[in-house]
Amino acid sequence: MAFILYLLDAPELFDAVDAEAFVDEQRDLPPSDNAKFSAFVHDITQIYPDFSEEDEDGDACVWEEGLDDEASYGEVKELVVSEDLADEDFLAALISVAEKNGLKLYDAEGEVVYPE
């Protein structure tokens, strides 16, 4: 089972209502060429490598659909994460790396934007 977290290049966002609106408005836009997403992927894969291609049964890689360095659409990158492998340490690392690279992490299920 997996869930989606959203990386947002929108430093002005601090609440879930604004983050949800941002994701919705970006959804119809072509993916941006955003160096922040590339830097995020580089940094996070130093901690949580993407070996989804080699993990045929999906039981060892936290990146359910792999992790490329491009935006999914507009200024948004969707991160499809294995629910079974994600824990508090993983979330803390995502938040830290997102913040380091000037990005926000939005959890639509929990209705929270990180860093707060």
ILVMFWY network linking Leu103 to Ile47, side-chain heavy atoms under 4.5 angstrom: yes
Salt bridge (Lys or Arg N to Asp or Glu O under 4.0 Å) partners of Asp68, counting only residues at least two apart: Lys77
Partners passing side chain to side chain contact (heavy atoms under 4.5 Å, CB included) against Ala21 (at least two apart in sequence or in another chain): none
Transitive ILVMFWY side-chain link Leu13 to Leu5, under 4.5 Å: no
Listed partners of Gln46 passing side chain to side chain contact (heavy atoms under 4.5 Å, CB included), at least two apart: His42
Which side-chain N or O atoms in residues 106-116 pair as donor and acceptor under 3.5 Å with protein atoms at least two apart or in another chain?
| unit_1 | atom_1 | unit_2 | atom_2 | d |
| --- | --- | --- | --- | --- |
| Tyr106 | OH | Glu20 | OE1 | 2.6 |
| Asp107 | OD1 | Glu109 | N | 3.1 |
| Asp107 | OD1 | Gly110 | N | 3.0 |

For Leu8 against Ala19, the heavy-atom pair lying closest together: CD1-CB, 4.0 Å
Contacts under 3.5 angstrom, residues 85-100 side chains, donor-acceptor by atom type, not counting sequence neighbours:
| unit_1 | atom_1 | unit_2 | atom_2 | d |
| --- | --- | --- | --- | --- |
| Asp87 | OD1 | Asp89 | N | 3.2 |
| Asp87 | OD1 | Phe90 | N | 2.8 |
| Lys100 | NZ | Asp43 | OD2 | 3.1 |

Val81 with Val23, same ILVMFWY side-chain cluster at under 4.5 Å: no
Leu67 and Thr45, any side-chain heavy atoms less than 4.5 Å apart: yes
By side-chain hydrogen bond (donor to acceptor under 3.5 Å, both in side chains) - contacts of Lys104 (at least two apart): none
Val76 versus Phe22, closest heavy-atom pair with distance: CG2-CE2, 3.8 Å
Hydrophobic cluster membership, Phe37 vs Tyr48, 4.5 Å side-chain cutoff: yes
Hydrophobic cluster membership, Ile4 vs Leu105, 4.5 Å side-chain cutoff: no
Closest approach of Ser72 to Pro31 (non-hydrogen atoms, all atoms of both residues): O-CG, 3.6 Å
Straight-line distance of Phe40 CZ to Leu79 CG, nearest 0.5 Å: 5.0 Å
Partner set under side-chain hydrogen bond (donor to acceptor under 3.5 Å, both in side chains) for Glu78, not counting sequence neighbours: Tyr73
Partners meeting side-chain hydrogen bond (donor to acceptor under 3.5 Å, both in side chains) with Glu75 (sequence neighbours left out): Ser32, Asn34
Closest non-hydrogen atom pair between Cys61 and Pro49, with its separation: SG-O, 4.0 Å
Salt bridge (Lys or Arg N to Asp or Glu O under 4.0 Å) contacts in which one or both residues fall within residues 32-41, not counting sequence neighbours: Asp9-Lys36
Residues which pass side chain to side chain contact (heavy atoms under 4.5 Å, CB included) with Asp69, listed by chain and number, not counting sequence neighbours: Ser38, Val41
Value rounded to 0.5 Å, distance of CG in Leu7 from CG in Asn101: 9.0 Å
Partner set under salt bridge (Lys or Arg N to Asp or Glu O under 4.0 Å) for Asp28, not counting sequence neighbours: none
